[in-house]
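Read through the structure below, which is laid out as C-alpha cells, and then see the notes.
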Amino acid sequence: MAQLIADRSDVDFVLFEQMGIEELAQTKQFDEFNKKTVKMIVNEARNLAIKEILPTNAEGDRDGCVFEDGKVKTPASFKKIFRLLGEGGWIATIDDPAVGGQGMPTIVANACAEYFCGANCAFMIYPGIAHGAGKLIETFGTEKQKTLFLEKMYAGKWGGSMFLTEPQAGTDVGALTTSAVKNPDGTYTITGSKIFITGAEQDLTENIIHPVLARIEGAPKGTKGISLFIVPKIWVKDDGSLGDLNDVRCDGIEEKLGIHGSATCSVTLGASGKCRGLLLGEENKGMRAMFHMMNEARLGVGMQSLSLASSAYLYAVEYAKQRLQGKHLLKMADPAAPQVPIINHPDIRRMLIWMKAHVSGMRSLNYYVGLCFDKVLTAENDADRSLWQGLIELLTPIVKAYSADKSFEVCTQAVQVYGGYGYIQEYPVEQLLRDSKIFSIYEGSNGIQAMDLLARKLGMAKGEHFMNLIAEIKKTASLAEKIKGLAPIAAEVEAAADQLVECAFSLGQNAMSDKVLTAFSHAYPFLEIMGDVVLSWLLLWRAVVAFPELEKRLANVDEEKKSDIIRKNSEAAFYDGQIRQAEYFAFSVLPLSMGKIKNIKNFDGSAVKMAEASF
Ligand SMILES: Cc1cc2nc3c(=O)[nH]c(=O)nc-3n(C[C@H](O)[C@H](O)[C@H](O)COP(=O)(O)OP(=O)(O)OC[C@H]3O[C@@H](n4cnc5c(N)ncnc54)[C@H](O)[C@@H]3O)c2cc1C
C-alpha cells in the first residue's frame with residue numbers, strides 16, 4: 001500500500017488559492033518567496049518527508065526508545081534524519097537568517113511541517129523542541145547566551161527540551177519545587193526532579209540544552225516566583241567548547257500508548273549537588289518566558305494533529321476504494337450482484353465526508369494562523385498588526401485543543417472504515433490512533449485550553465479580537481451570499497456566527513458572576529462550538545474560491561453530463577469536493593453545534609451540582 005501523508009493538491013489550494021500567499025512576495029520581508037520558490041520549498045520538504053522520514057515511522061513505533069545505564073537510545077534510523085533536517089536548515093525555517101534561520105513565511109513552514117509530522121510525528125518532536133528552546137534563548141537570552149547556544153541549536157548540532165512538569169506539578173506548574181541557588185560566579189545550582197520530559201536524554205545530538213523552570217531560594221510561592229534557567233547537558237565554556245558533564249541524570253523513560261520513538265524521561269537535577277544553570281531572562285519572570293515556548297508548542301500540536309488526521313483520512317479513502325465487501329444497496333435483492341468496494345456504502349461515505357471536511361478545515365485553520373504571523377510581520381500600521389496578533393491569541397486554544405480532539409476522532413473513524421484490519425498493527429491507522437491521543441493532553445490539556453479561551457481570550461482587548469474574527473466570518477459569508485449555489489450555506493454559517501456571539505456574551509458574563517463554576521463546566525463545549533463555527537467559515541471560504549473554478553470546468557456542458565465530468569476530471573472533482581464539504585459541514589455538523597449552544601443557554605448545572613459521593 002502507498003504511504004500517504006499530506007494531500008499536495010489541497011496544500012497548494014490552501015496556500016495559493018484560498019490564502020493567496022503570492023501577496024506576501026510583494027512585501028519586503030518575504031520578497032524572495034514567490035510562487036515558484038514556495039512550490040520548490042514544499043517539493044523539497046515533501047521529498048525529504050516521503051523518501052527519508054516516512055520509512056522510519058513504523059520502525060520507530062515498533063522499536064521505540066531504550067533506556068540503558070542512564071542513556072537513551074532512540075530508534076536507529078532517527079540519527080540520519082535528524083542530521084538531514086539540520087543540514088537542510090529545516091529546524092529553523094521561520095527564523096531570521098541573521099541567527100541561522102531560513103526567514104520563511106510561517107504559512108510555508110507549516111506546509112513543510114505537515115509533511116514532516118505526517119511522516120513521523122514522534123521523531124519530529126526532537127527538532128521541534130530544539131527549535132522552541134532555541135527561540136527562548138533568541139528571545140530572552142543575553143548576547144553571550146545567544147552566541148554560545150543559538151547557532152548550534154538551530155543547525156541541529158545540539159538538541160533542546162522543556163523542563164516544567166514534576167510529579168506534584170503537572171497542570172499546576174506553580175506547585176513546582178525544583179530550586180535554584182545563586183553561586184558567586186553568577187551561575188545557579190539547581191536541585192530537583194522532573195518527569196515526562198521529552199528528549200531530556202537522547203543520542204541524536206552531541207549536547208542538549210534544557211530550559212528548566214525552578215524557584216530561586218526565597219522567591220514567592222506560585223507562578224510569580226518561578227525563574228527560567230539554561231541547563232546544558234554538557235557545560236559550554238565561554239569560548240563555545242564543551243566542558244564537563246553537568247549533573248543532569250536521566251532515571252528512566254516511560255512506556256507509552258503512542259509516540260514510542262519520542263523519549264519521555266524522568267530526570268534528577270543535582271543528584272550530586274553539581275547541576276549548574278544560567279539564568280535566562282529576569283529572576284521570577286520565568287513563567288512569562290516559558291509561555292513563549294508553550295504557545296509555539298501549542299501551535300505545533302495543531303500541526304501534529306492536522307498531519308496525522310490527514311494521513312488517516314487518505315489511508316481510509318484508499319482502503320475504501322479497494323476493499324470489496326457486500327453488494328450495492330440498490331442491488332441487495334440480486335443474488336448475482338458482485339461485491340463492491342466499500343466506498344459505495346452510504347455509511348462509509350458518511351464517515352469519509354466527515355473526515356474530509358474536518359481535515360480540510362483543520363488545514364485551513366492551521367495555515368491561516370501561520371498566515372496571521374506573516375501578516376503581523378508585514379503589517380503597515382499598528383492597527384493591522386494588532387488585528388492579526390489578536391487573531392493569533394484568540395485562535396491558539398482552538399488550534400491546539402479543537403485540532404487535537406478532531407484528529408483523534410478522524411483517526412478513530414479511519415480505524416472504523418478499515419473494520420477489523422484497522423485494529424491490527426499491519427495497517428497504518430492503528431498507530432495513527434495511538435499516536436494522536438497525546439495531542440489533547442500535553443502542552444496544556446484541552447480542558448485548560450478551554451478555560452484559557454473563556455477566561456482570557458474572549459475578553460481580551462474588551463472582546464475586540466473575538467469581534468474581529470466574527471467580522472472576518474461575515475465578510476466571507478457576504479461574498480458567498482452573492483453566489484447562487486452557496487447562498488444557503490452562507491446563511492447557515494452567518495446564523496451560526498450570530499449564535500456564537502450571543503453564547504459567548506452570556507457565558508462570559510456568567511463566568512464573572514456567582515455562577516462561575518457552572519459557566520466553566522461549559523467551557524470545553526464552548527471551545528468545541530467555536531471550533532465548529534470557525535471551520536464552517538473556512539470551508540465556506542474554500543467553496544467561494546472553488547465555485548468559479550468549477551463553473552469554468554463545467555461551462556457549456558449539459559446539465560445531465562455535469563456529474564460525468566466531475567467523476568472523470570480530477571480538477572472538477574477537486575473543486576466540487578470543496579463545495580460538497582462546505583455544504584455537509586453547514587447542514588450536518590453546524591446543527592449539532594447549535595444544539596450545544598442551546599445546552600449552554602439552558603445553563604445546565606448538573607456536573608457542578610452532583611455530589612462527589614454520587615460519582
Ligand atoms: C508523552 C508526554 C510528553 C510530555 N512532554 C513534556 C515535556 O517535554 N515537558 C514537560 O514539562 N512536560 C511534558 N509532559 C507533561 C504534560 O505536559 C502533562 O502531562 C500535562 O501538563 C498534564 O499534567 P498531569 O499529567 O500532571 O495531569 P494533571 O495536571 O493531574 O491533570 C489531570 C486532569 O485534570 C485536569 N485539570 C488539572 N488541573 C485543572 C484545573 N485547574 N482546572 C480544570 N481541569 C484541570 C486536566 O485537564 C487533566 O484532564 C509530557 C507528558 C506526556 C504524557
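Side chains included, hydrogens not; waters and symmetry mates left out as well; all remaining heavy atoms used. In listed order, ligands and their atoms are each counted from 1.
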| For Ile234, does its backbone N or O pair with a side-chain atom of Asn246 as donor and acceptor, under 3.5 Å? | no

| message | I'd like to know if the side chain of Ser311 reaches the main chain of Leu308, judged simply by a donor and an acceptor atom lying under 3.5 Å from each other, with no hydrogens or angles considered. | response | no

| field | Protein contact to atom 43 (C) of ligand 1 [nearest heavy atom, distance to 0.1 Å] | value | Met451 SD, 3.6 Å

| Is it true that a side-chain atom of Asp604 and a backbone atom of Ser606 form a donor plus acceptor pair closer than 3.5 Å? | yes

| query | For ligand 1, which part of Glu254 has a heavy atom less than 4.0 Å away: the side chain, the backbone, both, or neither? | reply | neither

| Centroid-to-centroid, Phe140 to His292, below 6.0 Å? | yes

| request: Take atom 35 (C) of ligand 1 and look for protein heavy atoms under 4.0 Å from it; say yes if you find one, no if not. | output: no

| Short check: is a protein heavy atom less than 4.0 Å from atom 30 (O) of ligand 1? | no

| query | Would you say atom 15 (C) of ligand 1 touches the protein, meaning some protein heavy atom is under 4.0 Å from it? | reply | yes

| Closest candidate by heavy atom, reference atom 2 (C) of ligand 1, pool Ile438, Val267, Ile129, Leu164 | Ile438

| note | Quick note on ligand 1: atoms under 4.0 Å from a heavy atom of Lys256 include exactly 1 (C)

| said: Looking only at distances, can you tell me whether any N or O atom of Ser445, backbone or side chain, sits closer than 3.5 Å to an N or O atom of ligand 1? | reply: yes

| message | Please list the nearest protein heavy atom to atom 37 (C) of ligand 1 with its residue and the distance rounded to 0.1 Å. | response | Thr171 OG1, 3.6 Å

| said: Need the ligand 1 atom indices (1-based, order shown) with element for anything under 4.0 Å from a heavy-atom of Met162. | reply: 7 (C), 8 (O), 9 (N), 10 (C), 11 (O)

| query | Which heavy atom in Gly118 sits nearest to a heavy atom in Ser307, and how many Å separate them? | reply | N-CB, 3.4 Å

| Protein residue, atom and distance nearest to atom 13 (C) of ligand 1, heavy-atom basis | Phe196 O, 2.9 Å

Could you list the donor-acceptor pairs under 3.5 angstrom formed by side chains in residues 438-453, with sequence neighbours left out?
unit_1: Ser440; atom_1: OG; unit_2: Lys437; atom_2: O; d: 3.4
unit_1: Ser440; atom_1: OG; unit_2: Lys437; atom_2: NZ; d: 3.0
unit_1: Tyr442; atom_1: OH; unit_2: Gln304; atom_2: OE1; d: 2.9
unit_1: Tyr442; atom_1: OH; unit_2: Gln304; atom_2: NE2; d: 3.3
unit_1: Asn446; atom_1: OD1; unit_2: Lys400; atom_2: NZ; d: 3.0
unit_1: Asn446; atom_1: ND2; unit_2: Ala401; atom_2: O; d: 3.0
unit_1: Asn446; atom_1: ND2; unit_2: Asp405; atom_2: OD1; d: 3.3
unit_1: Asn446; atom_1: ND2; unit_2: Asp405; atom_2: OD2; d: 3.1
unit_1: Gln449; atom_1: NE2; unit_2: Glu443; atom_2: O; d: 3.3
unit_1: Gln449; atom_1: NE2; unit_2: Gly444; atom_2: O; d: 3.0
unit_1: Asp452; atom_1: OD1; unit_2: Arg456; atom_2: NH1; d: 2.8
unit_1: Asp452; atom_1: OD2; unit_2: Lys457; atom_2: NZ; d: 3.1

| query | Okay, side chain of Lys221, backbone of Gly174: is any donor-acceptor separation there less than 3.5 Å? | reply | no

Please tabulate, one pair per line, all N/O donor-acceptor pairs under 3.5 Å involving side-chain atoms of residues 155-166, not counting sequence neighbours.
unit_1: Trp158; atom_1: NE1; unit_2: Glu206; atom_2: OE2; d: 3.0
unit_1: Ser161; atom_1: OG; unit_2: His210; atom_2: ND1; d: 2.8
unit_1: Glu166; atom_1: OE1; unit_2: Gln168; atom_2: NE2; d: 2.9
unit_1: Glu166; atom_1: OE1; unit_2: Thr177; atom_2: N; d: 2.7
unit_1: Glu166; atom_1: OE1; unit_2: Thr177; atom_2: OG1; d: 3.3
unit_1: Glu166; atom_1: OE2; unit_2: Thr178; atom_2: N; d: 3.3
unit_1: Glu166; atom_1: OE2; unit_2: Thr178; atom_2: OG1; d: 2.6
unit_1: Glu166; atom_1: OE2; unit_2: Lys194; atom_2: NZ; d: 3.0

| task | State whether any protein heavy atom lies less than 4.0 Å from atom 50 (C) of ligand 1. | result | yes

| said: If we ignore hydrogens and angles and just use 3.5 Å, is the side chain of Asn120 paired with the main-chain N or O of Phe123 as donor and acceptor? | reply: yes

| request: Would you mind checking if Glu59 and Arg62 are paired as a salt bridge, meaning a charged N to carboxylate O distance below 4.0 Å? | output: no

| Which is it for Val231 and Ile190 under the side chain to side chain contact (heavy atoms under 4.5 Å, CB included) test, yes or no, and what are the steps along the way? | CA-CA 9 Å; Val231 178; Ile190 316 276; 4.2 Å; yes

| field | Which residue and heavy atom of the protein sit nearest atom 39 (C) of ligand 1, plus the separation | value | Ile448 CD1, 3.8 Å

| message | Check for me whether Lys194 has a heavy atom closer than 4.0 Å to any atom of ligand 1. | response | no

| Heavy-atom proximity to atom 20 (C) of ligand 1, best of Ile441, Ile259, Leu257 | Ile441

| query | Taking atom 11 (O) of ligand 1 as the point of reference, which of Ile125, Asp172, Thr198, Thr165 owns the nearest heavy atom? | reply | Thr165

| Numbered atoms of ligand 1 (with element) below 4.0 Å of Ile197, judged on heavy atoms | 7 (C), 8 (O), 9 (N), 10 (C), 11 (O)

| field | Distance from atom 24 (P) of ligand 1 to nearest protein heavy atom, with residue and atom | value | Gly170 CA, 4.0 Å

